[in-house]
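Both counts, for ligands and for their atoms, begin at 1 and track the order of listing.
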Amino acid sequence: MHHEQKKAFPTDFLWGSASAAYQVEGAWDEDGKGPSMWDSFTKIPGKTFKGTNGDVAVDHYHRYKEDIALMAKQGLKAYRFSISWPRIYPQGKGEVNEAGLVFYDQLIDELIANQIEPVLTLYHWDAPQALADEYGAWESREMIEDFNQYCITLYKRYGDRVKYWVSLNEQNYNSNHAFITAMHPPGVHDRKRFYEANHIAFLANAKAIESFRQYVPNGKIGPSFAYSPSYPASSQPRDMLAYENAEEFQNNWWLDTYCLGHYPQVALRYLQEHDLAPTFEEGDIELLTKGIPDFVGVNYYQTITYEFNPIDGVAEGKMNTTGQKGSNEDTGRPGLYKTTPNGHLETSNWDWAIDPIGLRIGLRRITSRYGLPVFITENGLGEFDKLEADGSIQDDYRIDYLRSHLEQCREAIADGVDLIGYCSWSFTDLLSWLNGYQKRYGFVYINRDEDSEKDMRRIPKKSYYWYQQVIESNGEQL
Ligand code: BGP
């Protein structure tokens with residue numbers, strides 16, 4: 001008789017949840033912290049939803065003990081957070097700010113005291129404004145060594161207690177918005193500068209990993225990639241070609257370079273032909289091959305479907321940052337591809353396709369192509385939540401989202417994916433870079449909105465208790 005093997009999560013699976021410094025900490029100018037590029041950018045009128053910024057955020061800087069107590073009560077096994085570079089180096093380099101290091105000492109120690117594995121992100125977009133002023137941050141190769149020195153400081157300080165490290169968070173998504181859509185700092189529309197800055201970020205990532213080997217030899221490190229696996233809109237060959245183009249330019253451009261140490265050939269050739277290719281200097285190729293990670297960090301929210309886009313076709317379309325369903329516009333590169341809604345999938349109010357099987361597909365693609373372990377460093381649903389009169393938040397839609405994605409993780413593990421952990425986005429509600437506070441992701445509701453900080457009370461949602469029993473049963477009870 002055929003006996004199906006029981007599908008299960010490994011016993012040491014890291015059941016986690018995530019955040020990022022700028023989105024939770026607040027205390028933007030306290031204890032010697034210097035300004036980041038986001039501190040400046042969010043103050044420019046019209047850049048963020050209702051002019052929101054992270055000056056106070058959800059006040060995690062002052063309330064981290066309360067937040068960690070809630071993590072411990074939930075049974076969380078891992079917490080992914082990021083370090084604010086200008087809290088450590090207010091000027092980006094040079095003199096180190098001891099008070100900044102002490103804050104993260106305390107955070108890490110508190111996590112460990114509660115048996116929660118710290119997962120430390122070195123860079124989640126908040127580069128020091130001083131380096132932007134001095135040499136244009138990611139547009140200069142000086143960034144590589146300054147980032148390396150900052151990382152070495154953290155390796156030396158926390159390497160004894162932190163085993164899991166994320167190098168760059170969503171280099172792809174961040175540089176796309178920084179240099180193409182102009183929605184992230186420095187707010188530029190220039191594809192050539194995009195490829196140049198992105199190349200420098202690859203080198204910085206590789207350099208940081210090379211140093212990691214020396215200072216934290218027993219640790220594990222990898223970048224977190226914003227992974228939206230591509231689908232073709234149809235089996236028409238020209239849609240298939242558009243899908244291949246998108247996969248190459250939107251995904252493999254990063255994944256291959258991280259994991260294989262070189263750019264995908266056809267895409268590189270196209271960029272050379274169009275005077276868009278990044279500038280290679282001597283030693284670049286060698287450095288990239290030294291940056292092969294221990295795992296691929298995956299931030300998964302959705303798949304994206306592509307179709308043929310003529311040479312005079314669609315370019316940048318507007319992105320839904322209001323939660324008004326249906327307001328997202330298609331976006332593309334003329335002659336290569338354009339996005340199109342996938343009629344088979346439901347979407348969130350921010351028009352993100354909900355596709356749990358897409359996660360399984362993505363995990364398998366990474367496994368087969370690179371043979372590396374995977375760590376899901378973000379996955380979650382941003383939605384409007386309602387604080388009921390009885391003080392509860394009934395976020396069943398979020399439970400459905402997370403459950404269906406975890407079911408596909410279990411399938412992927414059975415398929416042979418070496419999945420070491422899963423961090424939901426996010427633990428508490430927090431500031432969305434472009435969508436304010438109304439697009440909520442947390443297990444824990446924060447009582448504040450765009451108009452008022454209110455009391456910032458922490459209230460566990462229904463999903464908090466659901467995840468609690470998921471962890472307790474090691475994923476058997478989803
Ligand atoms: C990722 C970022 C996170 C987080 C998340 C949700 O791109 O790494 O920092 O913001 O997406 O995105 P959003 O807040 O735009 O809904």
Side-chain angles (χ1 to χ4, degrees), residues 16-25 36-38 41-42 47-50 52-54 57-58 60 79-84 119-127 166-178 180-181 183-185 201 222-228 250-251 254 296-304 318-325 327-328 331 347-354 359 362 375-385 397-398 401-402 405 422-443 446 449-450:
S17 196
S19 74
Y22 188 69
Q23 300 178 272
V24 293
E25 285 179 3
S36 76
M37 288 171 74
W38 278 90
F41 187 73
T42 53
K47 290 294 185 188
T48 63
F49 182 72
K50 291 196 178 176
T52 40
N53 63 55
V58 298
H60 178 67
Y79 174 56
R80 173 178 176 238
F81 61 96
S82 80
I83 294 207
S84 158
V119 179
L120 189 159
T121 304
L122 292 162
Y123 183 72
H124 204 125
W125 309 350
D126 46 354
V166 172
S167 49
L168 300 185
N169 178 72
E170 297 194 352
Q171 180 193 327
N172 59 325
Y173 188 82
N174 183 223
S175 36
N176 181 63
H177 281 316
I180 294 176
T181 71
M183 291 167 86
H184 287 184
S224 281
F225 180 64
Y227 190 26
S228 300
Q250 299 286 78
N251 289 324
W254 285 269
V296 181
V298 166
N299 293 356
Y300 177 84
Y301 292 90
Q302 57 178 329
T303 48
I304 297 181
K318 265 236 211 82
M319 196 176 145
N320 172 355
T321 56
T322 59
Q324 209 190 322
K325 204 170 181 169
S327 65
N328 202 56
T331 177
T347 58
S348 74
N349 278 312
W350 275 260
D351 297 312
W352 292 18
I354 298 173
L359 174 57
F375 193 162
I376 295 176
T377 41
E378 288 181 28
N379 173 237
L381 178 68
E383 265 307 331
F384 299 109
D385 287 337
Y397 38 89
R398 182 166 294 108
Y401 181 99
L402 297 172
H405 285 74
Y422 173 94
C423 289
S424 76
W425 184 266
S426 52
F427 183 68
T428 62
D429 288 341
L430 40 70
L431 172 67
S432 169
W433 305 92
L434 302 176
N435 309 276
Y437 290 96
Q438 62 167 9
K439 190 181 187 188
R440 296 175 183 270
Y441 281 93
F443 289 130
I446 304 268
D449 58 25
E450 289 82 16

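Near Asn169, with a cut-off below 4.0 Å to any heavy atom, the atoms of ligand 1 are 8 (O). If you number the atoms of ligand 1 from 1 as listed, the ones under 4.0 Å from a heavy atom of Trp433 come out as 3 (C), 9 (O), 10 (O). Listed by number with element, the atoms of ligand 1 under 4.0 Å from a non-hydrogen atom of His124 are 2 (C), 3 (C), 8 (O), 9 (O). Listed by number with element, the atoms of ligand 1 under 4.0 angstrom from any heavy atom of Tyr301 are 5 (C), 6 (C), 11 (O). Close approach of ligand 1 to Lys439 (heavy-atom distance below 4.0 Å) involves ligand atoms 13 (P), 16 (O).
Residues Asn169 and Asn299 bring a donor and an acceptor atom of their side chains to less than 3.5 Å of each other. No side-chain donor from either of Thr303 and Ser228 sits under 3.5 Å from a side-chain acceptor of the other.
A cation-pi arrangement is present between Lys439 and Trp352, with the terminal nitrogen or guanidinium carbon under 6.0 Å from the aromatic centre and inside a 45° cone about the axis.
Heavy atoms of Leu434 come nearer than 4.0 angstrom to ligand 1 in no pair at all.
Of the candidates Tyr441, Trp125, Trp350, the one placing a heavy atom closest to atom 16 (O) of ligand 1 is Tyr441.
Checked against the 6.0 Å centroid threshold, His405 and Tyr422 do not count as a close aromatic pair. With ring centers used as reference points, Trp425 lies 6.0 Å or more from Tyr301. In summary, the aromatic rings of Phe384 and Trp350 are positioned with their centroids under 6.0 Å apart.
Residue, atom and distance of the protein heavy atom nearest to atom 7 (O) of ligand 1 are Glu170 OE1, 2.4 Å.
The distance criterion of under 3.5 Å between nitrogen or oxygen atoms is met by Glu378 with respect to ligand 1. For ligand 1, the polar-atom distance check finds no N/O of Trp352 at less than 3.5 Å from any of the ligand's N/O atoms.
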